[in-house]
Amino acid sequence: MPDLITHTKQDENRQGETYAPFVNDPVAYGKKFYIESYGCAMNFSDSEIVASILNESGFGATRNYEEADLILINTCSIREKAEQTVRKRLSDLRTVKEEKPGALIGVLGCMAERLKSKLLEEEKLVDLVVGPDAYRTLPGLIEEAAEGQKAVNVLLSREETYADIAPIRLNSNGINAFVSIMRGCNNMCSFCVVPFTRGRERSRDADSIVKECQDLFNQGYREVTLLGQNVDSYYWSSGINGEHIVTFAELLERVALVNPLLRVRFSTSHPKDINDDVLYTIAKYENICKYIHLPVQSGSTRILQLMNRTYTREWYMAKVDRIMKIIPDCSISADIIAGFCTETEEDHQDTLSIMEYSKYDYAYMFFYSERPGTLAARRYKDDIPEDLKKRRLEEIINMQRKLSHESNMKDLGKTVKVLIEGDSKKSANDWMGRTSQYKVVVFPKGGHALNKGDYAMVTVTECTGGTLIGHIVE
Ligand code: 5AD
Ligand code: SF4
């Protein structure tokens, strides 16, 4: 059973273990690199920064790892399963070295940071180990590795945001792009390895973010997703005395003002930090999507306290009420963990009931996976047997199925504004796009002169699983 549950294939790109190879005229470059990304959207976004750094130092990309001089795997440590997947991939890739002894294999991202030189020295799986804040040193490290030296840089930084690097879009549909606005996390949720692998929180220069969004719009992109582990604590100050302060609400507004045709999304919000300013800004601009990813993790106040989430069940419910009051058409999604340390049947029922209360449109659901070095691993016993974790997770998944279905049923008969992302998977006669609320809509192209990146008004007539089906309003 996978420990990652998603609604659509597309969502798997957000948090699943997928890969994003691409081609950008390797002939023009002397050497070729191949990159695969696993884990969260931030990793996919980082791979686009890495691609830019490598291009600058003379590497062109290839989709085929067998012809690459450099193979990079951008890794995730969030759950044990994610690490197992990467280890298997790395050992499979060793065969490339037999065919092409000069090829280098590098591990980037959270596993590089967590395991440091272990993957290189003890397990001999890779030639290069580079943590998330050290990508600028890749060109030098590649040279060192090519000379047979140990090439490791896992230094974390308090400043690095890669603000000046123009990412090279990987595997892009030309419509949706990720824009990283901050890095790291200061929250220390007890289950989470991220503060250890990605370091302290720091925000990126607001002007560089707005410029990147403007450039994307000029290139034809129609949706940006502002990324950070905790976007609501975004904070940028400039001016001689730091007198110009940009909060997340202000940043959202500035990005929304780039162009009314550019949709703005963001992820992830921490319930303790998303405030009324942000909610009023979302309500004010039509192009800021009415969708908030608001991880709850558990519905039990006792478990939330052990998780160090700093809010109670009641506080979270009040936040949901506030969102629905200020943005009545907002959809909400959550991350949920089943079977955290000491979780009782009653705690689990609290999770099911908070899901019903919040009426989540989507949820990303996992069972607890103990991560070495985290607060929970040091303080609490991982004492819920695996079969019980799985049973609870299954109940959570079933609850979410019911809620998603109810949410979709409410859309029947409505006319929704859809940003067209491309052909539907099943038929080139149909378009696929999303509503502001992030719902997938499929509808016949008919005789309308529409293109990818255009908006269409669609009346919803049916729904199947996670998809709304409709037709263009004449
Ligand atoms: N076990 C299971 N799920 C986890 N997450 C983070 N750490 C763990 C863990 N140790 C989940 C949380 C988080 C999402 C990105 O991954 O729900 O919000
Ligand atoms: Fe991990 Fe919590 Fe930070 Fe999210 S907010 S990255 S769950 S520590």
Side-chain angles (χ1 to χ4, degrees), residues 1-6 11-17 38-44 76-84 109-111 113-114 132 156 180 182-202 227-234 248 266-274 292-299 303-311 316 332-341 343 351 354-355 360 362-384 386 389-390 392-393 396-397 400:
M1 180 189 200
D3 72 347
L4 169 78
I5 309 300
T6 54
D11 288 335
E12 267 174 30
N13 289 337
R14 188 183 155 270
Q15 287 189 314
E17 283 101 27
Y38 293 79
C40 66
M42 189 62 93
N43 255 12
F44 285 78
C76 173
S77 288
I78 198 102
R79 283 166 289 275
E80 195 183 350
K81 163 114 189 314
E83 289 202 356
Q84 282 166 357
C110 288
M111 262 176 96
E113 194 61 49
R114 198 179 82 73
L156 287 172
S180 166
M182 58 199 298
R183 301 180 70 81
C185 184
N186 286 356
N187 279 329
M188 298 303 260
C189 299
S190 64
F191 51 80
C192 187
V193 78
V194 167
F196 304 95
T197 58
R198 290 191 160 264
R200 306 292 292 172
E201 184 178 292
R202 67 220 95 118
L227 288 182
Q229 248 73 41
N230 185 13
V231 289
D232 301 278
S233 61
Y234 177 87
F248 182 59
F266 56 89
S267 186
T268 293
S269 292
H270 194 298
K272 78 176 162 56
D273 293 316
I274 187 163
I292 298 176
H293 183 56
L294 196 72
V296 64
Q297 313 298 2
S298 166
I303 294 291
L304 287 169
Q305 206 160 13
L306 294 182
M307 287 177 164
N308 199 24
R309 289 291 287 179
T310 74
Y311 53 83
Y316 183 95
I332 303 179
S333 64
D335 291 344
I336 300 169
I337 298 177
F340 187 67
C341 316
E343 187 185 73
T351 297
I354 209 167
M355 291 174 74
Y360 297 128
Y362 309 94
Y364 301 89
M365 301 160 278
F366 319 97
F367 58 77
Y368 174 58
S369 160
E370 186 179 81
R371 307 311 294 132
T374 55
L375 287 180
R378 281 183 273 147
R379 281 188 197 157
Y380 316 121
K381 195 160 167 261
D382 180 11
D383 58 353
I384 308 301
E386 190 156 316
K389 283 183 184 172
K390 286 186 176 169
R392 289 182 184 163
L393 178 60
I396 289 170
I397 292 165
Q400 189 50 49

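We count ligands from 1, going down the list as the structure has it; atoms in each ligand are counted the same way. On a predicted model such as this, the values are computed, not experimentally measured, just so you know.
Distances from ligand 2 to the non-hydrogen atoms of Arg198 include no value under 4.0 Å. Taking 4.0 Å as the cut-off, Tyr364 does not count as a neighbour of ligand 1 on heavy-atom distance.
When the options Cys185, Cys192, Cys40, Cys189 are ranked by their closest heavy atom to atom 1 (Fe) of ligand 2, first place goes to Cys192. Proximity annotation for atom 18 (O) of ligand 1: of Asp335, Asp382, Thr268, Asp335 comes nearest, heavy atoms only.
Near Ile337, meaning under 4.0 Å from any of its heavy atoms, are these atoms of ligand 1: 3 (N), 4 (C), 5 (N), 12 (C), 17 (O). Close contacts of ligand 2 with Asn187, meaning ligand atoms under 4.0 Å from a residue heavy atom, involve 5 (S). Distances below 4.0 Å separate heavy atoms of Phe366 from the following atoms of ligand 1: 3 (N), 11 (C), 14 (C), 16 (O), 17 (O). Set against the non-hydrogen atoms of Gln297, the atoms of ligand 1 under 4.0 Å away are 12 (C), 13 (C), 17 (O), 18 (O). Ligand-side atoms of ligand 1 in range of Arg371: 10 (N), range being under 4.0 angstrom from any heavy atom.
No donor-acceptor pair under 3.5 Å is formed between the side chain of Glu83 and the backbone N or O of Met111. Counting only distance, with no hydrogens or angles, the side chain of Arg79 and the backbone of Phe366 share no donor-acceptor pair below 3.5 Å. Of the possible donor and acceptor atoms, one in the side chain of Tyr311 sits under 3.5 Å from a partner among the backbone N and O of Val296. Checking side-chain atoms of Arg183 against main-chain N and O of Gly228 turns up no donor-acceptor pair under 3.5 Å. The main-chain N or O of Ser77 is found under 3.5 Å from a side-chain atom of Arg371 such that the two form a donor-acceptor pair.
For the 3.5 Å distance criterion, the side chains of Asn308 and Ser190 fail to qualify, holding no donor opposite an acceptor.
In this structure, Ile354 and Tyr316 have side chains that are in contact, with non-hydrogen atoms separated by less than 4.5 Å. In this structure the side chain of Arg309 never reaches within 4.5 angstrom of the side chain of Lys272, judged on heavy atoms.
For atom 6 (S) of ligand 2, the closest heavy atom belonging to the protein is Gln229 CG, 3.3 Å.
For the side chain to side chain contact (heavy atoms under 4.5 Å, CB included) with Phe248, the qualifying choice from Asn230, Asp273, Val231, Ile274 is Val231, the only one to do so.
At least one N or O atom of Phe191, backbone or side chain, sits closer than 3.5 Å to an N or O atom of ligand 1. The distance criterion of under 3.5 Å between nitrogen or oxygen atoms is not met by Tyr368 with respect to ligand 1.
Of the heavy atoms in Glu370, none comes closer than 4.0 Å to ligand 1. By the criterion of a heavy-atom distance under 4.0 Å, the side chain of Arg309, and not its backbone, is placed next to ligand 2. For Pro195, every heavy-atom contact with ligand 2 shorter than 4.0 Å involves the side chain, none the backbone.
The local environment of CD in Gln305 is sparse, with at most 12 non-hydrogen atoms from other residues, nucleotides or ligands closer than 6.0 Å.
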